[in-house]
S.K.: 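Could you have a look at this structure, given as structure tokens, before my questions?
Index from 1, following the sequence. Below, all heavy atoms of this structure are taken into account, side chains as well, without hydrogens, waters or symmetry copies.
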Amino acid sequence: MKIVRGMANTYHSILENTQYPVYLHVLIDPNSKMRTSRTLRKVARTFRRRLNVTYYDVNDMAEQNRAAISLIRKYFFSKDVGRYNDDIFFLTEVFHDAFPKRLRKVIFIDVDLKFLSDIRLLHQEFAKFESENVIGIAPDLQPQYRMDFAKYRNEHPGTSVGSSRPGKQGFNTGVVLFDLDRMRNSSLYNSLLNDTALENLCKKYQFDGYLGHQDFYTLTGMEYPELYYKLDCTWNRQLDVGWRNEVGKELFDKYHQCEGKIHVMHANGDALLKDANV
């Protein structure tokens, strides 16, 4: 129910800020479909809007892509951290194969978001992709990857890997722009969905991932930054401050700062949107 309520609130905030048609693609388990459908229809009726939605059985989708999921899980689930054991956290890397070919671009969002701006403006970010970009993704606003790359950083003094420099502090998957056509056509991107390639990258950066797809994008982004369009943090303004006590306020703030008009607030780490101080 917590997830369904979060989804309803996120969808409500999207419709509240746009007059353009919104088409949902919901990955769901069959037992939740009826409740979810009822909840989404209720939100749409609130705005007198039509509910445009396609449901996908996430279990079927996972089974059809089991080999890829097993590969990603092998390298990016080194310890069990609860909900990150779900297949969805190892599936987005192959959305270009999993979704129908008629889908060319999708905006992937968590269900703990609050939109403050028109989602159409977010979709327009696709037009800003450079020629080699296949995915648009915002930075992780905590020093998570400073710690995860600690071994590599210690052996490579002065490296930018895991630093607070733009593009080097790691990514957060609360909001992701997937250009599915580009993913399908990128030989570089698809070459990374390979056991040997991932093993070599993990060894090079001494990386033991446990956050699934977020770790995959972060690690490959360190080696091949050209694959990723750097979505501004204002489109994924994370509110979690869990690392502040671990590393101290001064270091934490270097990662957590996000200047500009906030478009999307992300209540990650069970942060409360109503208490947001951004």
S.K.: Determine the minimum heavy-atom distance between Thr173 and Gln214, stating which atoms define it.
M.R.: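 So the two residues come closest at N-OE1, 3.1 Å.
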
S.K.: Examine distances only and state if a side-chain atom of His256 and a backbone atom of Phe252 form a donor-acceptor pair shorter than 3.5 Å.
M.R.: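 Judged by distance alone, no pair lies under 3.5 Å.
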
S.K.: Under 6.0 Å from the NZ atom of Lys168, do we count more than 12 heavy atoms belonging to anything else shown?
M.R.: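 More than 12 heavy atoms, drawn from other residues, nucleotides or ligands, come within 6.0 Å of this atom.
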
S.K.: For the pair Phe99 and Tyr56, evaluate ring-ring contact (aromatic ring centres under 6.0 Å, His included) and give the outcome as yes or no after the intermediate values.
M.R.: CA-CA 9 Å; Phe99 277 120; Tyr56 302 83; 5.1 Å; yes

S.K.: Is the number of heavy atoms from other residues, nucleotides or ligands under 6.0 Å of Met34 CE greater than 12?
M.R.: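 Atom CE in Met34 is not packed in, count stays at 12 or less.
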
S.K.: A side-chain contact here means heavy atoms from C-beta on lying under 4.5 Å apart; do Leu40 and Tyr55 qualify?
M.R.: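 The answer is yes, as the side chains (C-beta and beyond) meet within the 4.5 Å cut-off.
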
S.K.: When you compare the side chain of Phe47 with that of Ile14, does any pair of heavy atoms fall below 4.5 Å?
M.R.: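 No, their side chains stay 4.5 Å or more apart.
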
S.K.: For Arg182, is there any backbone N or O sitting under 3.5 Å from a side-chain donor or acceptor partner on Ser186?
M.R.: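 Not at all, since once roles are kept as given, no pair shorter than 3.5 Å links the two residues.
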
S.K.: Kindly check if the number of other-residue, nucleotide or ligand heavy atoms within 6.0 Å of CG (Asp270) is above 12?
M.R.: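 Open.
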
S.K.: Might you point out which heavy atoms bring Ala138 and Cys233 nearest each other, and give the distance in Å?
M.R.: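 So the minimum-distance heavy-atom pair works out to CB-CA, 4.4 Å.
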
S.K.: Describe, in one word, how the ring planes of Phe207 and Phe76 are oriented to each other, choosing from parallel (under 30°), tilted (30 to 60°) and perpendicular (over 60°).
M.R.: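 Correct class here is tilted.
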
S.K.: Any idea how Tyr217 and Tyr228 line up, ring-wise: parallel (<30°), tilted (30 to 60°), or perpendicular (>60°)?
M.R.: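 Judged by the thresholds at 30° and 60°, the geometry between Tyr217 and Tyr228 is perpendicular.
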
S.K.: Taking all heavy atoms of Ile135 and all of Val176, pick out the closest pair and write down the distance.
M.R.: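 Where Ile135 meets Val176 most closely, the heavy atoms are CG2-CG1, 3.5 Å.
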
S.K.: Step by step, work out the side-chain contact (heavy atoms from CB on, under 4.5 Å) result for Asn268 and Asp110.
M.R.: CA-CA 9 Å; Asn268 60 328; Asp110 277 356; 6.0 Å; no

S.K.: How long is the straight-line distance from CG of Asn59 back to CG of Asp87, given to the nearest 0.5 Å?
M.R.: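 Asp87 atom CG to Asn59 atom CG measures 7.5 Å (nearest 0.5 Å).
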
S.K.: Any heavy-atom pair between the side chains of Arg35 and Met1 that's under 4.5 Å?
M.R.: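 Side-chain contact under 4.5 Å: yes.
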
S.K.: Taking the side chain from Glu199 and the backbone from Tyr75, do they hold a donor-acceptor pair closer than 3.5 Å?
M.R.: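 The answer is no, because no donor-acceptor pair under 3.5 Å joins these two groups.
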
S.K.: Run through the side-chain heavy atoms of Ile, Leu, Val, Met, Phe, Trp and Tyr, join any pair under 4.5 Å, and report what else lands in Leu141's cluster.
M.R.: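 For Leu141, no cluster forms, as it stays isolated from other hydrophobic side chains.
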
S.K.: How about Thr18 and Arg49: do any of their side-chain heavy atoms sit closer than 4.5 Å?
M.R.: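 Yes. Closest side-chain heavy atoms under 4.5 Å.
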
S.K.: For Met265, is there any backbone N or O sitting under 3.5 Å from a side-chain donor or acceptor partner on Asn236?
M.R.: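 Side chain of Asn236 to backbone of Met265: no pair is present.
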
S.K.: Using side-chain heavy atoms (C-beta onward) and a distance below 4.5 Å, is Phe216 in contact with Leu193?
M.R.: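 Phe216 reaches Leu193 side chain to side chain.
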
S.K.: Would you list the pairs meeting salt bridge (Lys or Arg N to Asp or Glu O under 4.0 Å) in which at least one residue belongs to residues 207-235, sequence neighbours left out?
M.R.: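 Only Lys204-Glu223 qualify under salt bridge (Lys or Arg N to Asp or Glu O under 4.0 Å).
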
S.K.: Do you reckon Leu24 sits in the same ILVMFWY cluster as Leu177, going by side-chain contacts under 4.5 Å, direct or chained?
M.R.: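 In one cluster with Leu24: Leu177, yes.
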
S.K.: For the residue pair Ser117 and Asn17, what are the closest heavy atoms and their distance?
M.R.: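 Scanning both residues, the minimum pair turns out to be O-CB, 3.5 Å.
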
S.K.: Ring centres of His96 and Tyr189 under 6.0 Å apart?
M.R.: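 Yes, close enough.
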
S.K.: Ring centroid separation for Phe108 and Phe95, is it under 6.0 angstrom?
M.R.: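 Here the rings of Phe95 and Phe108 have centres that are less than 6.0 Å from each other.
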
S.K.: Please verify the inter-ring angle class for Phe90 with Phe77; under 30° counts as parallel, over 60° as perpendicular, anything in between as tilted.
M.R.: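 Perpendicular, since the angle between the ring planes exceeds 60°.
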
S.K.: By side-chain contact (heavy atoms from CB on, under 4.5 Å), which residues pair with Lys128, not counting sequence neighbours?
M.R.: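 Listed in chain order: Glu125, Tyr229.
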
S.K.: Is a side-chain N or O of Thr46 found less than 3.5 angstrom from the main chain of Lys42, in a donor-acceptor match?
M.R.: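 Yes; judged by distance alone, with no hydrogens or angles, the pair exists.
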
S.K.: Quick check: does any side chain N or O of Asn190 sit under 3.5 Å from a backbone N or O of Asn185, one acting as donor and the other as acceptor?
M.R.: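 Here the side-chain-to-backbone pair does not exist.
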
S.K.: Would you name the heavy atoms of Glu259 and Thr234 that are closest together and state the gap between them?
M.R.: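 Reported closest heavy-atom pair: O-CG2, 3.4 Å.
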
S.K.: Does one side chain, of Ser37 or Arg41, offer a donor that lies under 3.5 Å from an acceptor on the other?
M.R.: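 The criterion, which ignores hydrogens and geometry beyond distance, is satisfied for Arg41 and Ser37.
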
S.K.: Please lay out, stage by stage, how Ser32 and Val4 fare under the test side-chain contact (heavy atoms from CB on, under 4.5 Å).
M.R.: CA-CA 9 Å; Ser32 304; Val4 174; 5.8 Å; no

S.K.: Below 4.5 Å, heavy atoms only, C-beta onward: do Asn133 and Asp179 meet side chain to side chain?
M.R.: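 Asn133 vs Asp179: side chains apart.
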
S.K.: So, does Thr159 use its side chain to make a donor-acceptor pair with the main chain of Arg153 at under 3.5 Å?
M.R.: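 No, because the side chain of Thr159 does not come within donor-acceptor range (under 3.5 Å) of the backbone of Arg153.
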
S.K.: Can any side-chain N or O of Asp86 pair as donor or acceptor with the backbone N or O of Ile88 at less than 3.5 Å?
M.R.: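 Judged by distance alone, no pair lies under 3.5 Å.
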
S.K.: Using the salt bridge (charged side-chain N to carboxylate O under 4.0 Å, His left out) rule, take Lys33 and Asp57 through it: C-alpha gap first, then chi angles, then the decisive distance, then the call.
M.R.: CA-CA 9 Å; Lys33 184 176 179 180; Asp57 186 330; over 6 Å; no

S.K.: So, Glu155 versus Gln206: side-chain donor-acceptor pair below 3.5 Å or not?
M.R.: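 Yes, a side-chain donor-acceptor pair sits under 3.5 Å.
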
S.K.: Tell me the closest heavy-atom pair linking Val58 and Asp29, and the distance in Å.
M.R.: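 Residues Val58 and Asp29, closest heavy atoms: CG1-N, 4.0 Å.
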
S.K.: Taking the side chain as C-beta and beyond, is there a heavy-atom pair between Leu227 and Leu192 under 4.5 Å?
M.R.: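 Yes; the side chains approach each other to less than 4.5 Å.
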
S.K.: Among side-chain atoms of Asp140 and Tyr255, is any donor-acceptor pair under 3.5 angstrom?
M.R.: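 Per modelled atom types, Asp140 and Tyr255 side chains form no pair under 3.5 Å.
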
S.K.: Aromatic rings Phe126 and Phe129: how do their planes relate, parallel, tilted or perpendicular, breaks at 30° and 60°?
M.R.: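 Correct class here is tilted.
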
